[in-house]
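Values reported hereafter were calculated over all heavy atoms of this structure, with side chains retained and with hydrogens, waters and symmetry mates removed. Just so you know, ligand 1 is whichever comes first in the structure, and atom 1 is the first atom listed for that ligand.
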Amino acid sequence: MSNSQPPRRLDQLLSSCGYCSRSEARLWVRGGRVLVSGQRASAVDQKARASEVWVDGEPIDSPEGILVLLHKPAGHVCSHDAKEGPRVFDLVPKRWLERNPPVTTVGRLDKDATGALVITDQGELVHQWTSPKRHVTKLYEVTVDRDLDAKLIGVFAAGELVLEDERKPCLPARLEIVSAREARLELTEGKYHQVKRMFASQGWTVTRLHRSRFGEFELGDLPVGQWRRIF
Ligand code: URA
């Protein structure tokens with residue numbers, strides 16, 4: 001994400017930032033809703049830098065792209081499909097889903113899981129941070145259904161645990177037992193339902209799953225359901 005984007009046609013700019021379609025942009029410009037450097041825009045094919053453009057009295061929203069950290073609440077899905085229930089995207093400005101490209105999550109958290117979730121419209125970042133080659137570190141707080149056994153530390157650290165329906169073993173993971181039924185697990189990969197499946201493979205059921213850190217992004221005191229800009 002750079003803030004030295006070249007000037008673009010107003011209709012392109014407004015539609016890529018999720019304000020309206022390119023054809024609606026003509027009406028917005030005609031209606032005087034769009035200013036360029038404080039002056040009413042003259043035509044939809046006028047070129048401007050996003051930083052000079054205002055719409056309805058406000059600077060254009062996030063013209064350089066979106067990168068935020070959300071504290072995901074339980075009960076929200078990471079899918080774009082509203083039929084699957086409340087979405088994490090319902091917790092960020094509506095316009096972000098209308099952008100081209102729309103915002104998406106960097107990896108996923110299960111519906112019942114909470115914690116650090118990165119949301120962006122930067123496909124390259126999604127690719128980088130979900131690529132198995134990058135080994136992005138994720139820290140999970142886990143509660144299980146019965147008392148933990150210290151043997152799990154070695155099992156998870158060994159790098160030999162092969163989950164059902166997988167060919168490759170899980171990469172070595174660091175488990176820290178913090179109380180009888182609570183632990184912290186640090187992973188450097190993101191297989192499907194990995195934390196729950198790792199514990200299940202050893203006979204434990206995860207009853208609460210919270211991700212406190214994704215890569216370099218720590219939730220800290222960000223309240224549940226709130227987001228903050230990384231960029
Ligand atoms: N592992 C899981 O089992 N679920 C998640 O949501 C994330 C990691």
Side-chain angles (χ1 to χ4, degrees), residues 68-92 103-120 125-146 148-149 152-153 155-178 181-220 222-227 230:
V68 301
L69 182 68
L70 172 76
H71 188 161
K72 179 195 174 299
H76 281 64
V77 293
C78 292
S79 162
H80 282 103
D81 185 353
K83 290 202 276 297
E84 292 184 25
R87 301 169 301 175
V88 291
F89 305 110
D90 298 324
L91 301 168
V92 299
V103 287
T104 188
T105 61
V106 180
R108 290 186 169 209
L109 280 174
D110 296 337
K111 188 172 185 176
D112 60 354
T114 60
L117 186 68
V118 174
I119 293 182
T120 187
L125 293 181
V126 177
H127 178 70
Q128 275 177 26
W129 287 335
T130 54
S131 160
K133 292 190 192 123
R134 294 294 290 249
H135 302 311
V136 172
T137 305
K138 289 139 241 176
L139 185 62
Y140 294 93
E141 293 171 11
V142 184
T143 307
V144 291
D145 61 334
R146 64 191 178 84
L148 289 156
D149 186 323
L152 288 175
I153 296 172
V155 173
F156 291 170
E160 290 168 4
L161 177 62
V162 181
L163 300 175
E164 212 176 310
D165 300 327
E166 301 278 347
R167 275 185 310 117
K168 283 195 185 163
C170 296
L171 292 173
R174 201 175 57 79
L175 182 72
E176 183 192 352
I177 296 180
V178 293
R181 295 188 181 191
E182 291 170 318
R184 277 193 275 272
L185 181 64
E186 192 176 75
L187 298 185
T188 55
E189 58 184 341
K191 296 184 198 291
Y192 182 65
H193 294 322
Q194 183 163 348
V195 177
K196 291 176 184 169
R197 289 165 71 210
M198 284 173 75
F199 278 94
S201 74
Q202 304 303 307
W204 276 263
T205 300
V206 172
T207 55
R208 174 183 168 268
L209 182 59
H210 174 78
R211 185 159 70 192
S212 55
R213 179 157 52 80
F214 179 91
E216 63 199 273
F217 309 118
E218 194 106 33
L219 266 189
L222 185 64
V224 182
Q226 303 286 306
W227 54 270
I230 295 170

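For ligand 1, one of its N or O atoms has an N or O atom of Val195 under 3.5 Å away. At least one N or O atom of Asp110, backbone or side chain, sits closer than 3.5 Å to an N or O atom of ligand 1. The distance criterion of under 3.5 Å between nitrogen or oxygen atoms is not met by Arg108 with respect to ligand 1. Ligand 1 has no nitrogen or oxygen under 3.5 angstrom from a nitrogen or oxygen of Tyr140.
In this structure, the side chain of Lys72 engages the main chain of Ala113 through a donor-acceptor pair within 3.5 Å.
Here is the list of ligand 1 atoms found below 4.0 Å of a heavy atom in Gln194: 1 (N), 2 (C), 3 (O).
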Subject >> Verdict with reasoning, His210 to Tyr140, per ring pair (Phe, Tyr, Trp, His ring centres under 6.0 Å) >> reply: CA-CA 6 Å; His210 174 78; Tyr140 294 93; 9.2 Å; no
**OP:** Go through the steps for Asp110 and His193 under the test side chain to side chain donor-acceptor pair (under 3.5 Å), then give the verdict.
**Re:** CA-CA 7 Å; Asp110 296 337; His193 294 322; 2.8 Å; yes
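Look at Tyr192 and you'll find every heavy atom at least 4.0 Å from all atoms of ligand 1.
Taking the six-membered ring where the residue is Trp, His80 and Phe89 present parallel rings, their angle staying beneath 30° rather than reaching 60°.
We find that Arg197 and Glu166 are joined by a salt bridge, their nearest charged nitrogen and carboxylate oxygen being less than 4.0 Å apart. Between Lys196 and Asp112, at least one side-chain N (NZ, or NE/NH1/NH2) sits under 4.0 Å from a carboxylate O, which counts as a salt bridge.
Here Leu209 has side-chain heavy atoms under 4.0 Å from ligand 1, and that is the only part of it that gets that close.
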